[in-house]
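First up is the structure itself, then whatever we jot down about it.
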Amino acid sequence: MEGYTQQPDACHKQDSSREGPHVTVSRLIPVPIPDSVAAMIGSCMPLGVLHAEMDAECAAREVRRFRGPLCPEDQADREHALSTLARANKVLAAYNPGLVLQPGGGIR
C-alpha cells in the first residue's frame with residue numbers, strides 16, 4: 001500500500017482576511033509505507049470509507065484498461081467502472097476531498 005506525503009512547499013499559510021492557519025492543497029507524492037502503518041491508518045477510518053477507497057482504486061485501474069476504439073461490451077464495462085468510481089468518489093469526497101481519484105488512477 002502506498003502513502004502520500006506533501007511536498008515541503010507552502011503546506012501552511014496565514015490568510016490575512018481570516019484568523020488562524022489555513023492549509024493549502026499541494027501535489028502529493030506517493031511513497032511506500034509499511035503494512036503495519038497502513039493497517040493503523042485504516043483502523044482510524046470508517047469501514048465504509050475503506051471500502052470506497054478500495055472500490056475507487058479498482059475502478060480507476062479498470063477504466064485505464066479501456067483505450068482506443070471499444071466494442072459495445074467494452075464500452076459498457078468502461079461505463080460500469082466509471083459509475084463505480086463516481087459512487088466511491090462521492091463517499092471519499094464526503095470524508096476527505098483529498099482522497100478522490102481520477103479515472104486514470106491519479107489523485108484529483
Heavy atoms only: give me the nearest [X]-[Y] pair and the separation to one decimal.
X     : Y     : answer
Ala88 : Ala52 : CB-O, 3.3 Å
Ala56 : Leu92 : CB-CD1, 3.9 Å
Glu62 : Ala81 : CG-CB, 3.7 Å

Using the test side-chain contact (heavy atoms from CB on, under 4.5 Å), find all partners of [X] that sit at least two apart in sequence or belong to another chain.
X     : result
Ala59 : Thr84, Leu85
Glu79 : Gln75
Met45 : Ile41, Val49, Leu50, Glu53, Tyr95, Leu99
Cys44 : none

Any donor-acceptor pair under 3.5 Å from Asn89 side chain to Leu101 backbone |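 Pair found, side chain donor or acceptor close to backbone of Leu101.
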Students should find that the hydrophobic cluster of Leu70, defined by side-chain heavy atoms under 4.5 Å apart, otherwise consists of Phe66
Rounded to the nearest 0.5 Å, the CG atom of Asp35 sits from the CE atom of Met40 at a distance of 12.0 Å
Atom pair CZ (Arg67) and CZ (Arg78), whose distance is rounded to the nearest 0.5 Å |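 Going from the CZ atom of Arg67 to the CZ atom of Arg78 covers 7.0 Å.
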